[in-house]
Q: 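Sharing a structure, written as structure tokens. Questions coming.
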Amino acid sequence: MTETPPLSLKVPQPEFRPGDTPDFSGIEIPAAGSVRRPDVDEPADGMRDLAFTIIRVLDDQGNAVGDWADSLSDDEIARGLRDMMTLRIYDSRMMTAQRQGKTSFYMQHLGEEAISCAFQRALHKGDMNFPTYRQAGLLIASGYPLETMMCQIFSNEADPLHGRQLPVMYSSKDHGFFTISGNLATQYIQAVGWSMASAIKGDTKIAVSWIGDGSTSESDFHAALVFASTYTAPVVLNVVNNQWAISTFQGLARGGSHTFAARGHGFGIPSLRVDGNDYLAVHAAAKWATERARRNLGPTLIEHVTYRAGGHSSSDDPSAYRPKSESEIWPLGDPIDRLKTHLIVKGLWSEDRHKQASAEITDMVIECQKRAESIGTLNSGHVPSPRDMFEDVYAEMPPHLVRQRHDVGY
Amino acid sequence: MTETPPLSLKVPQPEFRPGDTPDFSGIEIPAAGSVRRPDVDEPADGMRDLAFTIIRVLDDQGNAVGDWADSLSDDEIARGLRDMMTLRIYDSRMMTAQRQGKTSFYMQHLGEEAISCAFQRALHKGDMNFPTYRQAGLLIASGYPLETMMCQIFSNEADPLHGRQLPVMYSSKDHGFFTISGNLATQYIQAVGWSMASAIKGDTKIAVSWIGDGSTSESDFHAALVFASTYTAPVVLNVVNNQWAISTFQGLARGGSHTFAARGHGFGIPSLRVDGNDYLAVHAAAKWATERARRNLGPTLIEHVTYRAGGHSSSDDPSAYRPKSESEIWPLGDPIDRLKTHLIVKGLWSEDRHKQASAEITDMVIECQKRAESIGTLNSGHVPSPRDMFEDVYAEMPPHLVRQRHDVGY
Amino acid sequence: MPKCRRILFGSVTTWDIDMTQMTMITAIQNAHDVAMARDENVVVFGEDVGYFGGVFRCTAGLQQKYGSARCFDAPISELGIVGAGVGMAAYGLKPVIEVQFADYMYPAYDQIVSEAARMRYRSGGEFTCPMVVRMPTGGGIWGGQTHSQSPEALFTHVSGLKTVIPSNPRDAKGLLLAAIADPDPVVFLEPKRLYNGPFDGYHDRPVQPWKKHPLGEVDPDYYEIPLGTAAVAREGRDLSIVTYGTMVHVAQAAAEATGIDAEVIDLRTLIPLDTETVMASVQKTGRCLVLHEATLTSGFGAELAAQIQSECFYHLEAPVLRVAGWDTPYPHAQEWAYFPGPDRVGRNMKKLMEA
Amino acid sequence: MPKCRRILFGSVTTWDIDMTQMTMITAIQNAHDVAMARDENVVVFGEDVGYFGGVFRCTAGLQQKYGSARCFDAPISELGIVGAGVGMAAYGLKPVIEVQFADYMYPAYDQIVSEAARMRYRSGGEFTCPMVVRMPTGGGIWGGQTHSQSPEALFTHVSGLKTVIPSNPRDAKGLLLAAIADPDPVVFLEPKRLYNGPFDGYHDRPVQPWKKHPLGEVDPDYYEIPLGTAAVAREGRDLSIVTYGTMVHVAQAAAEATGIDAEVIDLRTLIPLDTETVMASVQKTGRCLVLHEATLTSGFGAELAAQIQSECFYHLEAPVLRVAGWDTPYPHAQEWAYFPGPDRVGRNMKKLMEA
Ligand SMILES: Cc1ncc(C[n+]2csc(CCOP(=O)(O)OP(=O)(O)O)c2C)c(N)n1
Ligand SMILES: Cc1ncc(C[n+]2csc(CCOP(=O)(O)OP(=O)(O)O)c2C)c(N)n1
Ligand SMILES: [Mg+2]
Ligand SMILES: [Mg+2]
């Protein structure tokens, strides 16, 4: 038995903390257009490299280049910009409303707008997203009424969830948006089960699942990969790597693997890594992965590389754990700016039209907000009745709940 | 929106079922000695291939060949053979005892003896195994008394676990054998935590974890890989792929990845795949992985490829779900036969000495069994007192348990 | 085949039908079969349930009959099994899931509690979870602490769940079919010691089969026993024993052994609870023993005792007495000292009569 | 700094010591600090507990003081956190773990129930699990159904676990230090609504801070409050309110509001339960209201009611009355209709006095 030196615990730490000057020049960012686009039926083994690179379409000048370009028409791209602008304006209004005490809680998407907005455009009616709290763009891009979203935020009498859920925990079956859980990751395996159900029935609908970088450590993530791999389920497994999970940096969840996309390799699942701040790249990857699912070729894992520019939620102040300037120097830029530049380069847009659109959208959002607030806000008292608290626990109210409701006076 | 054809659910099925004639000629088995042995500090990326091959030392003629050979002296090899023979004889006696009603339950290792017997020989005093129910070879190879093992099987008054645990759920801190749980997989993450504790304390002890192919689907497997990867924990993560999980074949747990070793790649964990029926290969791999852990280089995942030749447990009849002849034609042979041949080829052993050793071990096992049975068996009534049932729930018995024990008459 | 009246949706109709003798296993298998035949949305999966038909054989033959898209083996992940089931139920299927032993439900507990039970509520009724999670429960089979647990109280505390425990083949089938028809998630606990025969707790006496037991006579066609209705397993006047599962048989044996004329209430469904039947019995007898195999503290017996003392306060001649498994893990060798058998129950019945 | 007598291992010694005003958060943080300083085997980890010091700041500054090998961030896996903790505890460390909200403990439930709680028993005492799992519990913070739950009954049903819930800074520190010193696993539930101040349930009145509250005066040194000892939070003669956590304050407010002279028992530890204090109070007053925020059915109140009716049958002038959260998920907008506030408690106190 040879003597070995004492062991020591290695705890991963982010490179930069408050007070440090962050520097992302070490991050390798492949040139736009440099990553090949395999056929959707290519075996997973042959495309291992796609999990260790970043698929990008928009170059620094705003041109769309390479194999993954051209998945959208000009009109669709313009609509994409509008979706992202709407989400950002909606977010900022709701953050303010929360600070004004009109509701208890809010979570914004700042910097991550491209991902949910672009992905939704690759889906068909009937497909189902299993989102986290940071994909409201799926609703916006699918035309869900902003006013109804606000009614949920305000927990007012028109909230379709009857004030029962925390703000941002939307649900809309019609818009392919599964009811959000406050428990992280649980939806990931449910999406796989939902897609298996479609396959069992011989239907054509597919499921799309969503999870954050930090939440990939949860057990449900593993269950989802096991089941998706074993049953070749028609599902797209998205990981939104926004670099942070509240105060912990992505390295803590990622550990020794270089990327989250790499997780798919343990299961033989084709895995892409995509520039999450590039609307066109996200859409192209979504189209590729959804086509695989629709053709019964099985699951795809997509890591969307982005940066959470805002706080985790309205309760969080990120300056306590990371340098303030990090989001500004984030090397993948801002998704709205990048798509705007692309449209301008194409001659389809201008700074003026952008300002004008921004003002129009702001007006529209304010209009919606006025209507929603006129119905009620959490602090206005116009919230659903306590009577409603006893509904929907079961399809039919059992005797003990009838008694309890009676006790409250109904 | 293009029309897509109906989806359908793909459920993996084993190639052969009862009534079929199994044929394993499709399984690719690399020649002994053909797989290179990397340096223990080589980065994981460079040895991806080792998860998709089979490390083998013993060739068909019984020679030990290649980079992984020569990890043991002649004496140690002879002792290894003896360990495996002891385990096999012990198993067969206990299976019979179970059928005779002397205990309620038993689980044997038939065909898998090399794995636990060889691995233990790479460990130091103080290291800790976190085993499943199919690694009793760890105890035997570490010199734990057979008689005490039998007392546990018989739940008699000398059972160190006071009759509380199901047979085969041994525990021995002194012998580096963590208390077995009836719940699959839970120990996998505990091993990682144990090894992190050693690193936190600046000690030199390492942990070794064990799991079956089927149980890798459980959540604890994922948690273990996440934590081991994130904290570079000094732990060896073993997967014993014996092709079956009760009635389900390994393909159901493995899904689209070609091997279980591949699971490590999602986490940047170096992963080996080894011939589990080759005592010398298992030992060499164990030595390599434990050295990595001891040098604080982090975790290693090892898939041991073997075949569960017997039923899952004394309650199982495998002829209901797989062809009887499968185990006979299993291409990696029998671990005892193979090591015996090696010793004979080396001129250190003969068929006669083998027969004689077998008889001696049988006598010794019977001797132990007589002593254990003289203390008591489950059906003899000489089992621990109900009084004991209330002990060890807590360090100190709280009042409510004192009252309950009193109620039973103590 | 013996003849018997058909029990349909709880009400007893008058026409005679053919009954078949079944064990609890074959009754459960038959319930699956009948449900799968009449509703193609019913899918069945779990560990070893497909080709092999389950380690207790409760799903035997279903894959062969309905194909591997409707009855299949699952990877060993209770979380995955229930989580996938939640997704399937949300899609519109009716998953009937087996957890191999109730002791192994813990990895799935989050999906059951935070997801299945909460889906309808949190989505304002938009998404629902009509799913049945079956699991063998209870001890008496030398299974030790991880094959003997009775975790029903961990489900009864969860709003949004229903919890069912049958005590005989006829109920098992009718309750399982009602559970499958139910629009909400149901946890269906099967006392494994009753699978092959009624068990009165005298473990040293010869094993009884269901064959020839009247409740082993089962209508082979579709019928439901509505959730939330208890049964009076034995009428009596001296005291009430409120119980369920295996203990229904033990309670009856203890009544015979002591000569105390106990009324034995078989709850069948814990949530929703048939309080009317329970309270009527206790108000009649004035004495109540609550009996279960699960660990005493915070067991479902606590809820029963709390409700009974509240509803029957002025009728009770003695405090409600709980008899249950001890507050220890379920031991292997000391199984019969742990199990609340007829002797322990009888002793407590006498104590209750004297109180 | 105010002066106060030192509470040491439950017994009150006579010398005067300096007290510091603390919130429940700083008291808990201080307990960690004191424990880590005196025992280098104490390690602290969980989601966001390292660099950031926890989303509620209960571990603030510990990583800076004791290094990242003794206080560190963990991946978001409650299973992994508790499972790794079990392994560390078996090694000989004393992990003090934070689960960010009690609502998120379900993924870890298997490791808590099947592993931490069973280790000593199943190994014949060879391996043990001296671990503390802390988790913020309860509602009243507009947290909705996944930030408001009170799952204590899911722990009290598990043999091998101890369950603690403090109601003020002084108890929080002393109980946490006792939990860390305990040789067995302890679940430590922290009523998050009490973190920054006592809360009497009048949500529309100005928030009170712990500053100037007598129980906010905390001995900055090491002291333990032994597990298993209840406190009488308010003496009274008309009826007993048996409760814990946030409800201790609500009960006192309800007593003031109704003018009913209630004795309020703060259990502090649910398992082991201080039955003596509880029964003495109920035998004195003859009337008992059991109060908790958790869902009524199969809540810990059921166990309390069952025990109290059994032990105090001949003293009770009315049935034990339970007041608790409704059997629904914890709603967001209807939070104050769900929360058993002083009005609901007061109404039931009157009902109980009239019964
Ligand atoms: C099961 C569970 N554990 C912990 C939490 C608390 N929590 C809410 S969000 C969050 C961080 C999630 O980070 P990530 O997955 O990266 O998503 P992001 O917020 O960055 O979008 C945590 C720990 C929770 N909601 N559920
Ligand atoms: C959590 C849990 N789920 C299910 C079981 C039941 N069970 C016991 S062994 C087993 C099969 C395990 O197969 P594998 O991991 O391949 O190990 P092997 O028996 O082949 O050694 C199952 C499903 C269990 N013990 N624990
Ligand atoms: Mg994140
Ligand atoms: Mg196996």
Side-chain angles (χ1 to χ4, degrees), chain C residues 78-79 103-114 117-118 121-122 144-146 149 151-160 270-271 273 290 294-314 316 318-322 325-329 331 355, chain D residues 78-79 103-114 117-118 121-122 144-146 149 151-160 270-271 273 290 294-314 316 318-322 325-329 331 355:
Chain C
E78 292 76 13
L79 186 165
D103 317 59
Y104 306 144
M105 71 84 186
Y106 301 105
Y109 194 57
D110 189 32
Q111 284 286 344
I112 295 173
V113 173
S114 310
R118 300 290 145 81
Y121 194 77
R122 76 171 198 234
Q145 58 180 300
T146 58
Q149 293 170 38
E152 63 272 11
L154 303 177
F155 300 115
T156 57
H157 190 43
V158 179
S159 52
L270 308 190
I271 304 285
L273 182 65
V290 167
T295 288
L296 177 76
T297 298
S298 280
F300 191 66
E303 178 62 32
L304 290 169
Q307 286 196 29
I308 291 166
Q309 67 88 31
S310 168
E311 297 299 306
C312 307
F313 187 74
Y314 299 101
L316 281 174
V320 180
L321 184 61
R322 287 183 293 163
W326 309 118
D327 285 331
T328 75
Chain D
E78 292 76 13
L79 186 164
D103 317 61
Y104 307 144
M105 71 85 185
Y106 302 104
Y109 195 57
D110 190 33
Q111 284 286 344
I112 296 173
V113 173
S114 310
R118 300 290 145 81
Y121 193 79
R122 78 171 196 233
Q145 59 180 298
T146 58
Q149 292 171 38
E152 63 272 13
L154 304 177
F155 300 116
T156 57
H157 190 43
V158 178
S159 51
L270 308 191
I271 304 287
L273 181 67
V290 167
T295 288
L296 176 77
T297 298
S298 279
F300 190 65
E303 178 62 32
L304 290 170
Q307 287 196 28
I308 291 166
Q309 66 87 32
S310 168
E311 296 300 305
C312 306
F313 188 74
Y314 299 102
L316 281 174
V320 179
L321 184 61
R322 288 184 290 163
W326 309 119
D327 285 331
T328 74

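Side-chain atoms are counted along with the backbone in the values below, which use heavy atoms only and exclude waters and symmetry mates. Within every chain, numbering begins at 1; the chains are lettered A, B, ... in the order of the sequence lines, protein sequences first and strands thereafter.
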Q: Could you pull out all residues at least two apart from C/Arg118 that satisfy salt bridge (Lys or Arg N to Asp or Glu O under 4.0 Å)?
A: none
Q: Name the option with the most non-hydrogen atom pairs under 4.5 Å to chain C; the candidates are D/Ala318, D/Ala294, D/Pro151, D/Ala305.
A: D/Ala318
Q: Can you check whether D/Ser298 reaches C/Phe155 side chain to side chain, under 4.5 Å on heavy atoms?
A: no
Q: Let me know if D/Val320 has heavy atoms under 4.5 Å from chain C in its side chain, its backbone, both or neither.
A: both
Q: In terms of heavy-atom proximity below 4.5 Å to chain C, should D/Ser114 be classed as side chain, backbone, both, or neither?
A: side chain
Q: Identify which of D/Asp327, D/Leu154, D/Leu273 forms the greatest number of heavy-atom pairs closer than 4.5 Å to chain C.
A: D/Leu154
Q: Can you measure from CG (C/Leu316) to CD (D/Gln309) and round to the nearest 0.5 angstrom?
A: 7.5 Å
Q: Taking all non-hydrogen atoms of both residues into account, name the closest pair between D/Tyr121 and C/Pro329 and its distance.
A: CD2-CG, 3.4 Å
Q: Given heavy-atom pairs under 4.5 angstrom as the criterion, report whether the side chain, backbone, both or neither of D/Tyr106 touches chain C.
A: both
Q: Given that the side chain runs from C-beta out, which part of D/Tyr104 has a heavy atom under 4.5 Å from chain C: side chain, backbone, both or neither?
A: neither
Q: Is any side-chain heavy atom of C/Gln307 less than 4.5 Å from a side-chain heavy atom of D/Arg322?
A: yes
Q: Looking only at heavy atoms and a cut-off of under 4.5 Å, which of D/Ala302, D/Ser310, D/Ala306 has the most pairs with chain C?
A: D/Ala302
Q: Given a strict heavy-atom distance threshold of 4.5 Å, which part of D/Ile271 is in contact with chain C: side chain, backbone, both, or neither?
A: side chain
Q: What is the distance from atom OG of D/Ser159 to atom CD of C/Gln145, rounded to the nearest 0.5 Å?
A: 8.5 Å
Q: In Å and rounded to the nearest 0.5 Å, what is the NE2 to CZ distance from C/His157 to D/Phe300?
A: 11.5 Å
